[in-house]
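Only one structure is covered here, and it is reproduced in the block below.
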Amino acid sequence: GDSVTQMEGPVTLSEEAFLTINCTYTATGYPSLFWYVQYPGEGLQLLLKATKADDKGSNKGFEATYRKETTSFHLEKGSVQVSDSAVYFCALRRNAGKSTFGDGTTLTVKP
Amino acid sequence: NAGVTQTPKFQVLKTGQSMTLQCAQDMNHNSMYWYRQDPGMGLRLIYYSASEGTTDKGEVPNGYNVSRLNKREFSLRLESAAPSQTSVYFCASSEENSNTEAFFGQGTRLTVV
């Protein structure tokens with residue numbers, strides 16, 4: 001079956017540091033890939049997505065590129081802020097079915 | 001801009017009690033989902049509904065029942081609550097197109113004592 005593997009957390013960074021959160025997936029066919037963010041006490045919300053190979057999703061300074069050859073969708077940001085502290089989930093969806101989520105990575109950014 | 005609305009936000013139950021978690025969406029989505037979120041275990045799918053009148057089991061359906069009352073509403077029922085069901089529950093909805101994202105409610109924090 002489909003699966004998503006995220007790097008284990010938690011991740012703690014200083015403000016303005018570079019962020020990478022690794023995500024790899026296993027799925028047949030050509031899934032769409034997503035990053036969701038969850039702020040404390042809230043539900044998940046879409047951060048960015050990519051729907052085909054080599055697409056780059058971007059939003060709020062975050063980026064991720066759909067790499068079919070390595071089955072990866074790593075999340076990056078060049079300079080994190082305290083307000084980026086949250087839990088980040090990688091997910092895939094294919095064939096109009098339900099989504100498959102990774103376990104989430106908790107990011108804490110310190111001033 | 002209501003999106004996905006869940007009620008209640010918080011609930012404490014005694015072991016053996018029953019309750020229903022309510023969820024409604026105003027985006028005309030066919031697909032709706034119930035997840036539970038536990039520390040270190042990410043999101044686990046309990047039940048989903050691909051369209052009005054249909055429901056299917058997810059990864060962890062035991063101890064739960066669901067009703068897709070109409071296109072807008074998808075409820076989750078715990079018939080006899082157990083401490084293992086202490087969790088945060090999220091309802092979500094999406095369009096059928098796999099290129100589209102899921103929209104989540106704010107969650108219900110349930111404690112079973």
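Throughout, protein chains are lettered first and strands after them, A, B, ... in sequence-line order, and every chain is numbered starting at 1. Note that these values count all heavy atoms, side chains included, but never hydrogens, waters or copies made by symmetry.
More than 12 heavy atoms of other residues, nucleotides or ligands shown are found within 6.0 angstrom of NZ on K68(A). Within 6.0 Å of atom CD in E69(A), more than 12 heavy atoms from other residues, nucleotides or ligands are found, so the atom counts as buried in its surroundings. The environment of E8(A) atom CD is sparse: at most 12 non-hydrogen atoms of other residues, nucleotides or ligands sit within 6.0 angstrom.
Contacts of L46(A) with chain B are made by side-chain atoms alone, with heavy-atom separations under 4.5 Å and no backbone atom involved. Residue contact with chain B, scored on non-hydrogen atoms closer than 4.5 Å, involves the side chain of Q38(A) exclusively. Both the backbone and the side chain of E42(A) have a heavy atom closer than 4.5 Å to some heavy atom of chain B. Proximity to chain A is absent for every atom of E59(B), based on heavy atoms less than 4.5 angstrom apart.
Within residues 99-113 of chain B, the residues that have a heavy atom under 4.5 Å from a heavy atom of chain A are N99(B), T100(B), E101(B), A102(B), F104(B), G105(B), Q106(B), listed by number.
The minimum heavy-atom distance between K98(A) and Y48(B), with the atom names listed, is CD-CE2, 3.5 Å.
When hydrophobic clusters are built by joining Ile, Leu, Val, Met, Phe, Trp and Tyr residues whose side-chain heavy atoms come closer than 4.5 Å, directly or via intermediates, Y47(B) is not grouped with Y35(B). In this structure, M7(A) is a member of the same hydrophobic cluster as V37(A), with clusters built from ILVMFWY side-chain heavy atoms closer than 4.5 Å. When hydrophobic clusters are built by joining Ile, Leu, Val, Met, Phe, Trp and Tyr residues whose side-chain heavy atoms come closer than 4.5 Å, directly or via intermediates, Y39(A) is not grouped with F34(A). Neither V60(B) nor F89(A) shares a network with the other; the hydrophobic side chains, linked directly or stepwise wherever heavy atoms of I, L, V, M, F, W or Y lie under 4.5 Å apart, form separate groups for each. Residues F90(B) and V66(B) are members of separate hydrophobic clusters, defined by side-chain heavy-atom contacts under 4.5 angstrom among Ile, Leu, Val, Met, Phe, Trp and Tyr.
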Candidate pair S98(B) and Y30(A), rule side chain to side chain contact (heavy atoms under 4.5 Å, CB included), full reasoning: CA-CA 10 Å; S98(B) 63; Y30(A) 302 93; over 6 Å; no

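Per-residue heavy-atom pair counts under 4.5 Å with chain B were compared for L33(A), T51(A), T106(A), L44(A), and the maximum is reached by L44(A).
Rounding to the nearest 0.5 Å places CD of Q37(B) at 10.0 Å from CZ of F101(A).
A heavy-atom distance below 4.5 Å is not found between the side chains of T100(A) and L45(B).
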